[in-house]
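Beneath this line is the structure, given in structure tokens, with notes to follow.
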Amino acid sequence: MMEKAQIAAVLDEIALLLELNDENPFKIRAYSSGARILENLTEDLDELIRTGRLSEIPGMGEALVDKITTLRQTGTLPFHQKLRATIPAGLFEVMQIQGLGPKKVRALWKQLGVEDLTKLKEVCESGAVAELKGFGEKTQTKILEGIKNRVAYAKRHRWVDAAKIAEPILAGLRALPQVKHAESAGSMRRSRETVGDLDFIVASSEPAPIMAWFVAYPGVKEVTAHGETKSSVRFENGLQADLRVVPEEQFFFALHHFTGSKEHNVAMRHRALARGLSMSEWGFKAVDENQTAPGAKDEAAVFAALGLPWIPPELREGLGEIEASEAQALPKLLELSDLKGAFHNHTTASDGEHTLEEMAAAADKVGWEYLGISDHSKSSFQAHGLDEGRLLQQMEAIAKLNASKKFKVRILTGSEVDILRDGTLDYADDLLGRLDFVVASVHTLFNLDSEAQTARIIRAIESEHVDMVGHVTGRLLNRREPYAVDLTKIIDAAAANETIIELNSNPWRLDMDWRWWRRAAEKGVLCSINPDAHHQDHLDFVQHGVRMARKGWLTKDQVFNTRSLAEVLRWLGRA
DNA sequence: GCCGTTTTCGGCCCGACTGTTTTCAGTCG
């Protein structure tokens, strides 16, 4: 028995092995695309296999369904094992080096006996690589650089970290006199939780000075490409940035193209061809040379030419957005201005950096109607969790503060109560019942197996006093994997018990992952965009939660904290 | 390997840049 993510990893590995064997590129693509489909699948895999519906998914043919079924049921695949035996395992790492693809790696392997990074370094240093046909001095030097920096180069960066670098560059580009339009594209524009590299698209008839400005930008550590219309640079932290300058009339095609995703673009091109148009970053070209092809004066026109309403970048992941657009069924996505308050915030009573009053002042500044305070419970002693006495004191302090009318915002009493090992809660029911709201979270025993972890969280969800479940998988981007938990079952339990699932907006967490929200919302589960603030400034984190909710196709109605104070109190049973 | 109101075979998205070449292959997105 193998999990979806592991099966996807095997398919990706098969694709890589096939590449090294110089196989048909389209066969390779079929395996990679199969891996992407699996990763984005939120339905129950066993169910899909049992009912035969797996093969109905476009891109899932007979061979893939067979192999996925075998992997799911036996945990291993003879085809994969056989393929693996033909290729040294060390070549996987060699393939990761910038500038090395299957052809070059194969040449290094067959002609110089390179089977891992150690040997690769050796043959580069000896000068043997430069002697190979198709290689030279520069390639050899670049490979050595690539080996040295491979960890930094391969890393994906949190969206916030990438945005910090991207924003001043974008502002700088827009300030150049030659620049007509400038936008950031790629996964940054699609609001992915992590960003691989930055893509800037600029409209101008005079690219040379823009290119010169870009490659000389402060903080650029290395210029990896410097052409007439395309340049690439790398920053100290390993983040790469690409700049493309195009004529104004092609700008919105280029912007669309480099926003991606790859899967979205493939589907768009497919659709274009069905309408007699070939589509690229340069625009449309009529397949029939006697026909003229439409241009685009904005991005909406690119979609309109294919009979589609504009699709927000966050949705362009090839997960049905084109079909929804065609059916005029795109969601009206949540916006930051829809939020009327927020739950799950900490104060100095536990591990927050600001007092109750300071947090209230910060909420007034944002203009919220309510702010839910939920400090840690007593088991989280590392975070100064509150015992029953201190919690009662805090409730009193909040009542006084609300009565004083010192702040416009209404403070709600709450707790981020620990879910204990067996799924019971860290406070007794009568105390929980006196709070305005309760967030239940796991802070211990991350290594339980999926069954135990899931059962533990579901027991908390079933408690009549728990209003929401906090950071449901515990992941920290680039730092800690999510704990093993069956989100399908969690979502079903949340739906059955009318428990809200939090979208924790701390930029390290962004948990629950955006890929699950459509399913959750379809089942009727409400989302709460929670800042999990430990500092006044952290109330701003909700912007990241909103970005993720948009990626999850959520509308205003599906998000709890878009409701007014009166509605929220009624839902919580406090009015 | 996938797919088909043009096809069950023969297509499958397209272009820039680099480094190695003397006209283009490989890589990347």
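All values below were derived from every heavy atom in this structure, side-chain atoms included, with hydrogens, water molecules and symmetry-related copies excluded. In this text the structure is predicted, and so the values were computed from the model without any measurement. Within every chain, numbering begins at 1; the chains are lettered A, B, ... in the order of the sequence lines, protein sequences first and strands thereafter.
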Can you tell me the distance, in whole Å, between the [atom1] atom of [X] and the [atom2] atom of [N]?
X        : N      : atom1 : atom2 : value
A:Gln250 : B:dC14 : CD    : C1'   : 14 Å
A:Lys142 : B:dT27 : NZ    : C1'   : 11 Å
A:Met95  : B:dC28 : CE    : C1'   : 12 Å
A:Asp242 : B:dT27 : CG    : P     : 18 Å
A:Lys103 : B:dC24 : NZ    : P     : 17 Å
A:Met279 : B:dC14 : CE    : C1'   : 12 Å
A:Phe258 : B:dA16 : CZ    : C1'   : 8 Å
A:Lys104 : B:dT18 : NZ    : C1'   : 8 Å

Does [X] come within less than 4.0 Å of [Y], counting only side-chain N to carboxylate O?
X        : Y        : answer
A:Lys4   : A:Asp46  : no
A:Arg519 : A:Glu522 : no
A:Glu183 : A:Arg174 : yes
A:Glu263 : A:Arg190 : no
A:Arg84  : A:Glu13  : yes
A:Arg53  : A:Glu43  : yes
A:Glu281 : A:Lys230 : no

Between A:Arg234 and A:Lys221 (side chain of the first, backbone of the second, donor and acceptor by atom type, cut-off under 3.5 Å), is there such a pair? no
Report which part of the nucleic acid [X] touches: base, sugar-phosphate, or nothing (heavy-atom distance under 4.0 Å, all strands).
X        : answer
A:Phe135 : sugar-phosphate
A:Asp197 : sugar-phosphate
A:Leu100 : sugar-phosphate
A:His226 : sugar-phosphate
A:Ser232 : nothing
A:Pro102 : sugar-phosphate

Please determine whether a side-chain nitrogen or oxygen atom of [X] lies at a distance below 4.0 Å from atom OP1 or OP2 of [N].
X        : N      : result
A:Thr139 : B:dT18 : no
A:Lys67  : B:dG1  : yes
A:Ser278 : B:dC14 : yes

Can you find a donor-acceptor pair, distance only, under 3.5 Å between A:Asp199 side chain and B:dG29 base?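 No.
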Tell me which one of A:Arg547, A:Arg515, A:Arg158, A:Arg509 satisfies salt bridge (Lys or Arg N to Asp or Glu O under 4.0 Å) with A:Glu193.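 Only one of A:Arg547, A:Arg515, A:Arg158, A:Arg509 forms a salt bridge (Lys or Arg N to Asp or Glu O under 4.0 Å) with A:Glu193, namely A:Arg515.
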Minimum-distance nucleotide (side-chain atoms of A:Ser280 versus B:dC2, B:dC14, B:dC12): B:dC14
Report the nucleotide, chosen from B:dG15, B:dC2, B:dC12, that has the shortest atom-to-atom distance to any side-chain atom of A:Glu281.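 Out of B:dG15, B:dC2, B:dC12, the nucleotide with an atom closest to A:Glu281's side chain is B:dG15.
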Rounding to an integer number of angstrom, what distance separates [N] and [M] when you compare their [atom1] atoms?
N      : M      : atom1 : value
B:dC2  : B:dT6  : P     : 23 Å
B:dC9  : B:dA16 : P     : 37 Å
B:dT23 : B:dC17 : C1'   : 16 Å
B:dC3  : B:dT8  : C1'   : 10 Å
B:dG26 : B:dT20 : C1'   : 10 Å

Which nucleotide, if any, forms a Watson-Crick or G-U wobble pair with B:dT8, using both distances under 3.5 Å?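 Partner of B:dT8: none found under 3.5 Å.
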Hey, which sits more toward the 5' end of DNA chain B by its nearest nucleotide, A:Ala30 or A:Gly99? A:Ala30
Result for 5'-nearest mapping on DNA chain B, choosing between A:Ser231 and A:His270, is A:His270
Please produce a list of atom pairs where a protein N or O lies less than 3.5 Å from an N or O of nucleotides 3-6 of chain B.
unit_1 : atom_1 : unit_2  : atom_2 : d
B:dC3  : OP1    : A:Gly59 : N      : 2.6

